[in-house]
Each structure stands twice: as structure tokens, then as C-alpha cells.
Amino acid sequence: VLCWFYIFPGYRLPADKEIVDEVLRQGEAWQKNQTGIDLYRKLLTECCDPPRMFAVTKQNSPLGKVMWYDGEFYHSHTVNNETYPLFVQENPLQLPLKKCAVVGNGGILRGSKCGKDIDRADFIMRCNLPPLSKEYLEDVGTKTHLVTANPSIIENRFQNLLWSRKHFVDSMKVYGTSYIYMPAFSMSPGTNPSLRAYYALADASANLTMLFANPEFLRSVGKFWKARNVHAKRLSTGLFMVSLALALCKEVTVYGFWPFAIDLDEQPVSHHYYDNILPYKWFHTMPEEFVQLWHLHKSGTLRMRVGRCP
Ligand code: CDP
């Protein structure tokens with residue numbers, strides 16, 4: 001069993017067992033707190049202007065605009081005649097979104113029977129093109145409105161789209177007509193795979209709409225959480241999505257955020273609901289992120305589902 005006695009200045013991260021005890025102590029009790037919801041929407045709007053900035057648009061990234069990559073130093077892309085036409089005109093989402101579900105990929109979802117609950121949301125966000133095959137549907141639901149895709153997935157799972165694009169286009173069908181949100185301008189090796197993914201979908205007249213994550217937005221959200229005890233080099237995809245949801249939605253419920261080795265019954269739990277491959281980096285930040293999300297749960301600003309759904 002992994003232990004989480006990581007020492008931060010003046011701050012000790014609780015061990016898995018302590019987290020379990022704390023969650024059980026809190027129980028099912030949860031009450032929505034409109035003041036907390038309004039406060040976080042205001043704070044996030046002030047720092048990061050999500051409605052205008054979350055995606056790269058023609059409006060916020062005109063021809064000639066220099067976009068600085070947020071995942072590395074001194075790398076930029078100047079918007080040109082090749083890239084500008086790939087951007088959506090402006091934020092395509094109808095705001096505010098009502099009930100949002102942010103679905104992380106934690107193993108805690110396995111056997112949760114949260115699928116129906118998730119599918120009842122008005123807007124469902126998922127991370128990293130997760131599997132939605134039959135065996136998982138009862139636990140994770142069927143619908144998706146926005147799904148993130150890391151360029152590394154294009155490389156690893158789809159041979160960088162240098163060979164057949166059919167497998168990729170077919171695999172995207174489970175996400176219906178959703179937006180696919182790619183950090184194309186975060187790390188330089190990620191740009192070309194992201195542009196190839198755009199063309200693969202466009203050429204196949206796929207139902208999905210590509211949105212490129214705006215590096216300026218990602219950087220500002222990173223700073224926002226850095227000021228709130230998340231010391232990671234880079235936030236997890238899930239926390240970016242929760243931040244987006246807090247700014248755009250009237251109500252947020254999160255599922256599948258549980259970066260611990262044991263579940264609420266103290267039984268071992270896998271890292272993902274579909275495998276147990278641990279991330280080689282950024283892993284240590286997720287428990288820190290969890291602590292912050294748990295504060296938001298307790299204050300009624302968002303709701304976290306960590307056990308089975310009713
Ligand atoms: O790419 P990354 O490792 O950040 O994400 P992932 O493993 O595909 O999972 C999506 C998101 O779910 C993560 O970014 C975390 O925010 C969350 N997650 C979690 O809280 N606990 C887990 N055991 C696994 C994922």
C-alpha cells in the first residue's frame with residue numbers, strides 16, 4: 001500500500017487511511033452553497049476569464065498573435081494562415097451551463113453504478129478519451145459533451161495518425177457530437193499530432209468539433225491553484241476541467257477523482273476505472289488536488305461522488 005506522507009512547507013498531506021476516515025466522517029451529507037458557487041465563479045472569472053479564454057478562438061487569437069506554450073519555456077506559435085482557419089470563431093458553448101458532471105478516470109468509478117447519475121447532467125466533461133465500452137456504462141454513463149485528448153494519446157494509441165486515420169475516427173464515435181479539447185499549444189511535440197487529429201476529423205466529416213486549449217488560460221488556471229496549495233509543476237487534466245466547470249456551470253458534480261490506493265471499504269482500488277497504469281509524473285499532485293476539491297465539497301461549492309451512487 002502506498003503511503004502519502006509527503007512533506008510540504010508547513011503542510012502535511014494526509015495518508016490514504018486518513019482521507020478515507022475523513023470522507024466517511026462526512027458521510028452523504030452535502031448541501032449546496034450558492035455563496036460558495038458565486039464566489040468561485042467570480043474568482044475564476046477574474047483570474048482566467050474562462051468563457052472567453054478557455055479555447056483558442058479567432059476572437060482571442062487573431063492572425064499574428066504570439067501564443068506562448070504553457071508547458072515549456074521559450075516556445076511560441078505565431079498564428080498564421082495555416083492555423084487561424086482551424087480555430088472556432090468564438091466560445092461555442094451556450095452559457096451558463098446548468099448541471100455539469102466532470103468525470104475523472106479514477107478506479108473508484110468501477111462498481112459505482114454512477115452512470116445514470118452522470119447521464120442526467122446537462123453537460124458532461126470527460127478526460128483523455130476514456131473508454132466508454134459496454135462493460136463500463138453502468139458506472140460511467142454514455143453521454144459526453146466535452147472530452148479532453150492529450151496529444152500523447154494520438155501518438156501512442158493512434159500511431160500519431162501517420163498511418164490509418166480510420167481507427168481514430170471510428171474510436172471517436174462513442175463521444176457523439178461532443179467537443180474534443182486538445183492542448184495543442186502546451187508542449188511543442190504536441191502541436192503536430194493535434195493538428196493531424198483536427199484534419200482527421202474534418203476530412204471524415206466527423207460529428208465532433210475540435211477545440212484547442214488556450215495556453216494562456218491553462219497558465220492562469222495553474223497560477224490560480226498554485227496560490228491555493230497545489231504545488232504541482234502542472235495540474236492534472238481533471239483539475240483544469242473542474243475549474244472550467246466551476247466558471248461555466250450553475251452546479252458541478254465530480255466523479256472518479258480518487259488518487260488513493262484504497263477505497264472507502266479499505267480495499268485496494270486501481271488507478272483508473274479501466275486499468276491500473278500509474279502515471280509516471282504529476283501523480284503526486286493529485287492527492288493535493290483532491291484535498292482542495294474536498295474543501296469545495298464540504299463548503300457546498302461542488303459535489304464530489306466518491307462512493308456508490310444511490
Ligand atoms: O492525464 P492524467 O494523468 O492527468 O489523467 P487521467 O489518469 O486520464 O485521469 C483524468 C483525471 O481524473 C486526472 O487528471 C485526475 O484529475 C483524475 N483522477 C483522479 O483524481 N484519481 C485517479 N485515480 C485517476 C484520475
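Each ligand, and each atom within it, is numbered from 1 in the order the structure gives. Below, all heavy atoms of this structure are taken into account, side chains as well, without hydrogens, waters or symmetry copies.
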Compute whether any side-chain donor of one residue and acceptor of the other, for [X] and [Y], lie under 3.5 angstrom apart.
X: Tyr274; Y: Ser133; value: no
X: Thr191; Y: His77; value: no
X: Gln292; Y: Trp225; value: no
X: Arg52; Y: Asn60; value: no
X: Asn80; Y: Thr83; value: yes

Just to be sure I'm reading this right: ignoring hydrogens, which of [options] gets closest to [atom]? Compare them by their nearest heavy atoms.
atom: atom 16 (O) of ligand 1; options: Ser270, Ser236, Pro287, Ala261; result: Ser236
atom: atom 11 (C) of ligand 1; options: Gly238, Pro259, Gly256; result: Gly238
atom: atom 9 (O) of ligand 1; options: Asn105, Leu293, Thr285; result: Asn105

Give the numbers and elements of all ligand 1 atoms closer than 4.0 Å to a heavy atom of [X].
X: His272; value: 6 (P), 7 (O)
X: Asn128; value: 1 (O), 2 (P), 5 (O), 6 (P), 8 (O)
X: Thr237; value: 1 (O), 4 (O), 14 (O)
X: Gly104; value: 12 (O)
X: Cys127; value: 10 (C)

Cation-pi check, Lys98 onto Phe123 ring (under 6.0 Å, within 45° of axis):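 Not flagged: Lys98 not positioned over aromatic ring of Phe123.
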Parallel, tilted or perpendicular, as decided by the 30° and 60° cut-offs, for the rings of Phe87 and Tyr84: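 It falls in the perpendicular class, over 60°.
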Contact partition for Trp258 relative to ligand 1, non-hydrogen atoms under 4.0 Å: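 For Trp258, only backbone atoms sit under 4.0 Å from ligand 1.
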Proximity of Met286 to ligand 1 by residue part, where a heavy atom lies under 4.0 Å: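 Side chain only.
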